[in-house]
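Below: one structure, written as structure tokens.
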Amino acid sequence: MSKRLLAILTAAVLGASMLMLSACGGGSTPAGDGTTAGNNGATGDGAPGDGKVYIIATDTTFAPFEFQDASGNYVGIDMALLDAIAIDQGFQYQVNALGFDAALQALTSGQADGVIAGMSITEERKEVFDFSAPYFDSGVVMGIAASNDTITGYEDLAGQTVAVKIGTEGEAFAQSLQEEYGFELVTFKDSAMMYEDVEAGNSQALFEDYPVLGYAISQGVGLKMVTEMERGSSYGFAVQKGENAELLAMFDAGLANIKANGTYQTILDTYIQK
Ligand code: GLN
């Protein structure tokens, strides 16, 4: 196991500050259909956004950044940051949990105003999206079944099948290694299905964001890490290039404010223990 593995706390019991945020922002609306209203009633006359409800697309399951709690509410670092920023800036939003690739497509086609989904800020994506300031540092790591003692590095992937999530940095990184190490790729729409495929032994390895795989392992998923994190990147909130500049500016201003007043750190501490 990597020395840099984050010891990540379970989010089953939310801290008092999170409950407070949810109560203030209306972010605890049951969301069995993958949508949740946020910050209802926070906009008034002359408030930024002028009554507009922004559609924010996200991933379906990417704990500890976005995932459903036992009641079906979408919770996690991204959800809590968005809610705190919306309260700070006085805008309304609705979350659509579409899946990562679908969220990016919704943003590209104008069906969503923004994406928050543990989305890495990359040079390629900057061609088509405008990003907020970075809000979390991450990177990609390889995962294998906990019971697998034969794979210790990329060189052991020759002739094997590797699972990746469509449209992610994990997929791009796996593709960049494929020719040198000679493995097949199998793609999945969400992280849970990708983990299950490796646990079941259908594929022998996967590439996933380090803090997300670390969290899953801390929650009992039967996987382990045998390599160090690579392809370091930071997460950002994204809008379509040249669109929703007001929303992006509010996100950045709100992020700066919640960093200054301690809310940002409280949210991270609720979900992650370093
Ligand atoms: N950070 C990765 C990316 O941007 C994965 C995001 C995700 O799976 N939600 O590609």
Side-chain angles (χ1 to χ4, degrees), residues 4 6 8 11 34 56-68 74-82 95-108 112 114-143 162-178 185-198 203 205-217 219 221 223 225 227-241 251 268 271-272:
R4 286 187 290 168
L6 302 171
I8 299 176
I56 310 297
T58 190
D59 203 343
T60 46
T61 165
F62 202 58
F65 294 91
E66 43 270 339
F67 59 103
Q68 283 178 288
Y74 264 92
V75 296
I77 293 169
D78 285 348
M79 299 296 99
L81 290 178
L82 176 62
V95 168
N96 280 355
L98 301 173
F100 187 69
D101 195 47
L104 268 55
Q105 284 177 31
L107 188 56
T108 305
V115 164
I116 188 160
M119 182 176 174
S120 303
I121 302 169
T122 68
E123 290 307 316
E124 294 85 346
R125 289 177 182 161
K126 279 197 218 164
E127 304 283 320
V128 278
F129 303 116
D130 289 329
F131 283 97
S132 70
Y135 66 83
F136 193 90
D137 294 333
S138 188
V140 170
V141 72
M142 183 169 81
V162 173
V164 292
K165 183 161 74 172
I166 300 167
T168 63
E169 280 290 280
E171 180 186 46
F173 184 57
Q175 286 168 345
S176 76
L177 299 177
Q178 213 179 350
L185 282 183
V186 56
T187 56
F188 294 91
K189 278 188 187 163
D190 67 57
S191 290
M193 286 163 65
M194 175 171 75
Y195 299 169
E196 278 165 26
D197 202 64
V198 175
S203 48
L206 57 81
F207 286 91
E208 173 66 295
D209 283 11
Y210 183 86
V212 174
L213 184 57
Y215 182 89
I217 292 169
Q219 299 294 297
V221 168
L223 299 171
M225 303 179 192
T227 56
E228 294 293 310
M229 184 177 87
E230 297 205 57
R231 211 179 173 95
S233 65
S234 298
Y235 294 162
F237 171 78
V239 297
Q240 203 177 347
K241 200 167 183 64
F251 190 96
L268 258 56
Y271 292 98
I272 298 176

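One-based numbering, in listed order, for ligands and for the atoms of each.
Sorted by chain and number, the heavy-atom contacts of ligand 1 below 4.0 Å come from Asp59, Phe62, Phe100, Ala117, Gly118, Met119, Ser120, Arg125, Lys165, Thr168, Glu169, Asp209, Tyr235.
Residues Asp209 and Tyr235 bring a donor and an acceptor atom of their side chains to less than 3.5 Å of each other. The closest side-chain donor-acceptor pair between Thr187 and Glu171, if any, does not fall under 3.5 angstrom. Side-chain N/O atoms of Asp78 and Tyr135 include a donor and acceptor closer than 3.5 Å.
For Asn96 (side chain) and Leu98 (main-chain N/O), no donor-acceptor pair under 3.5 Å exists by modelled atom type.
The pair Asp59-Lys165 meets the salt-bridge criterion, since a charged nitrogen lies less than 4.0 angstrom from a carboxylate oxygen.
When each of Phe237, Phe136, Tyr74, Phe100 is checked for a ring pair (Phe, Tyr, Trp, His ring centres under 6.0 Å) with Phe65, only Phe136 meets the rule.
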